[in-house]
Amino acid sequence: MISSKDEGSRAGVCAHNEVCGGCDYQAVSYEDQLRIKNDEVKRLLEEKSVKFGEYLGISGSPDMYRYRNKMEYTFGNMAKGGELSLGMHQKQKFMSIATVDECQLVDVDFNAVLAATLEFCREKGYSFYNKKSHKGFLRHLVMRRGVRTSELLVNVVTSSQGHFLASEYIGVLFNLKLNNSIVGILNTVNDGLSDTINCDKLNVLWGRDYYTERIMDLDFKVGAFSFFQTNVAAAERLYAEAVAMAGDLTDRVVFDLFCGTGTISQVLAKKAKKVTGIELAHEAVVSARENAAMNSIGNCEFVEGDVFEAMNRLGAQPDVIVLDPPRAGVQPKALDKIIQYGAGQIVYISCNPKSFVENLYYLQYYGYKPEIIKAYDNFPFTKHCECVASLRNL
């Protein structure tokens, strides 16, 4: 089997680079990609006058290619009146969709399923959902993969304006020669007007509505709509280093805010006295509780709700707070509540350097000094990177 790094040495620029809007740096060497991202993080820190102890630079991804375990593809066409396409938005053309069945960032099985799904839908004459008229049937194809378990979850998202021939589609998928095993084939009905994927109804066409993954010696059940890190190998390293930044957690109480399916909560729980994870998404909290039980972790609890409101209900006093918020960062009222706790240490994990630096500046103003900051490129060829900071309450 060809490793991701071996493949990367000869892969060259992606076949879809001229039309696909998914990648920003296809024609840029990886060394330059890292330099660009590292310089951007340092620039943001300098412009906001964040005073920190040590900046450890940026770590590259363990894999440059085939690292994504999730993709959300869109049905549409390249030009008005053109044939059905399935893939990513075309560069600078939001209404145009480019078919991307040779993508370098995903497992080759994703490309095979995408191509087979597109051929099937063309043969059946299905229409795609028009974002302006709000008429049509096909909306998205979502694929998820357990990297360590080789499990595939296939989810076709449609409106209710049609009927999907499930049995025929299942037959098409099982006739493919795949390296991974399909564990679930789903149809999500979404009649919302926005282009986001929402679930009005979930039909399990075959199998189950989740896949499993293993990370940091723990097992996880990941639902169809649960958040899970996109680059498993990179996330594993980031989490390990973030936990190390927290230091000795023996006899310490930890709050893990925006905990998702509880990945880092359970890693922390192996070292801490107690961990409380807080998450807004109901499905993620259900998965987190199931995962903790599956891993026989008894000192970890999960609270469902908005972070600010949930913290108001908690009586415990944390010694350490871990933050892993969405791209928008932590809102001021939640930051104020976090500051009120007076925890000795905060470990902040971010997928958006801009909101990360804004929040660091706010925390710094109220007495938290960033002692260590490090950047991670978990998404090669895109503009995105992640950051981690350890802050001490002075």
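Along the sequence shown, residues carry numbers from 1.
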Exercise. With sequence neighbours left out, write down each residue that passes side-chain contact (heavy atoms from CB on, under 4.5 Å) with S194, or none if nothing qualifies.
Key: T196, N198

Exercise. Check ring-ring contact (aromatic ring centres under 6.0 Å, His included) between F356 and all other residues, then give those that pass, not counting sequence neighbours.
Key: Y348

Practice problem: Please determine, by modelled atom types, if N378 and T230 share a side-chain donor-acceptor pair under 3.5 angstrom. | Solution: no

Quiz item: Counting only N and O atoms by type, is there a donor-acceptor contact under 3.5 Å from the side chain of Q26 to the main-chain atoms of C14?
Solution: yes

Quiz item: R43: what forms a side-chain hydrogen bond (donor to acceptor under 3.5 Å, both in side chains) with it, not counting sequence neighbours?
Solution: E40, E47

Self-check item: Reference residue V347; test side chain to side chain contact (heavy atoms under 4.5 Å, CB included); the match among L391, I372, V322, D324
Solution: V322

Quiz prompt | By side-chain hydrogen bond (donor to acceptor under 3.5 Å, both in side chains) - contacts of Y55 (at least two apart) | solution = N38

Exercise. Please step through side chain to side chain donor-acceptor pair (under 3.5 Å) for the pair H16 and E102, ending with a clear verdict.
Key: CA-CA 7 Å; H16 307 298; E102 297 181 58; 4.9 Å; no

Quiz item: Would the number of heavy atoms belonging to other residues, nucleotides or ligands and lying under 6.0 Å from NZ of K131 be above 12?
Solution: yes

All N/O donor-acceptor pairs, side-chain side in residues 164-171, below 3.5 Å, sequence neighbours left out:
{"unit_1": "E168", "atom_1": "OE1", "unit_2": "K124", "atom_2": "NZ", "d": "2.5"}
{"unit_1": "Y169", "atom_1": "OH", "unit_2": "T117", "atom_2": "OG1", "d": "2.7"}

Self-check item: Sequence-distant partners of D319, side-chain contact (heavy atoms from CB on, under 4.5 Å), two or more places apart
Solution: R252, V253

Quiz item: Are any side-chain N or O atoms of E371 and backbone N or O atoms of R392, one a donor and one an acceptor, separated by less than 3.5 Å?
Solution: no

Practice problem: Return the orientation label for the H134 and Y129 ring planes: parallel under 30°, perpendicular over 60°, tilted otherwise. | Solution: tilted

Quiz item: Does any non-hydrogen side-chain atom of N299 lie less than 4.5 Å from one of K273?
Solution: no

Exercise. With sequence neighbours left out, write down each residue that passes ring-ring contact (aromatic ring centres under 6.0 Å, His included) with F381, or none if nothing qualifies.
Key: Y65

Quiz item: Between Y73 and M88, is any pair of side-chain heavy atoms under 4.5 Å apart?
Solution: yes

Practice problem: Please lay out, stage by stage, how D32 and R35 fare under the test salt bridge (charged side-chain N to carboxylate O under 4.0 Å, His left out). | Solution: CA-CA 5 Å; D32 284 343; R35 177 186 55 77; 3.7 Å; yes

Expected list for residues 238-246: side-chain donor-acceptor pairs under 3.5 angstrom, two or more places apart:
{"unit_1": "Y239", "atom_1": "OH", "unit_2": "Q229", "atom_2": "NE2", "d": "3.1"}
{"unit_1": "E241", "atom_1": "OE1", "unit_2": "K374", "atom_2": "NZ", "d": "2.9"}
{"unit_1": "E241", "atom_1": "OE1", "unit_2": "Y376", "atom_2": "OH", "d": "2.5"}

Self-check item: R289 charged N/C atom sitting above F302 aromatic ring, 6.0 Å / 45°
Solution: no

Quiz item: Would you say K70 has more than 12 foreign heavy atoms packed within less than 6.0 Å of its NZ?
Solution: yes

Self-check item: For F52, all residues meeting ring-ring contact (aromatic ring centres under 6.0 Å, His included), sequence neighbours excluded
Solution: none

Exercise. Output, in order, the C-alpha distance, side-chain angles, deciding distance and verdict of side chain to side chain donor-acceptor pair (under 3.5 Å) for Y30 and D377.
Key: CA-CA 10 Å; Y30 195 51; D377 179 29; 2.6 Å; yes

Self-check item: Heavy atoms from other residues, nucleotides or ligands near NZ of K354 exceed 12 (cutoff 6.0 Å)
Solution: no

Quiz prompt | Pair listing, salt bridge (charged side-chain N to carboxylate O under 4.0 Å, His left out) test, anchored in residues 219-232, at least two apart | solution = R214-D219, K221-E290

Self-check item: Inter- and intrachain pairs under side chain to side chain donor-acceptor pair (under 3.5 Å), touching residues 306-317, at least two apart
Solution: N312-K337

Quiz item: Which is it for F255 and Y341 under the ring-ring contact (aromatic ring centres under 6.0 Å, His included) test, yes or no, and what are the steps along the way?
Solution: CA-CA 11 Å; F255 281 6; Y341 275 113; 5.5 Å; yes

Practice problem: Could you list the residues that satisfy side-chain hydrogen bond (donor to acceptor under 3.5 Å, both in side chains) with N155, not counting sequence neighbours? | Solution: T188

Quiz item: Would you find more than 12 non-hydrogen atoms of other residues, nucleotides or ligands less than 6.0 Å from E18 atom CD?
Solution: no

Quiz prompt | I339 side chain near Y362 side chain, heavy-atom distance below 4.5 Å | solution = yes

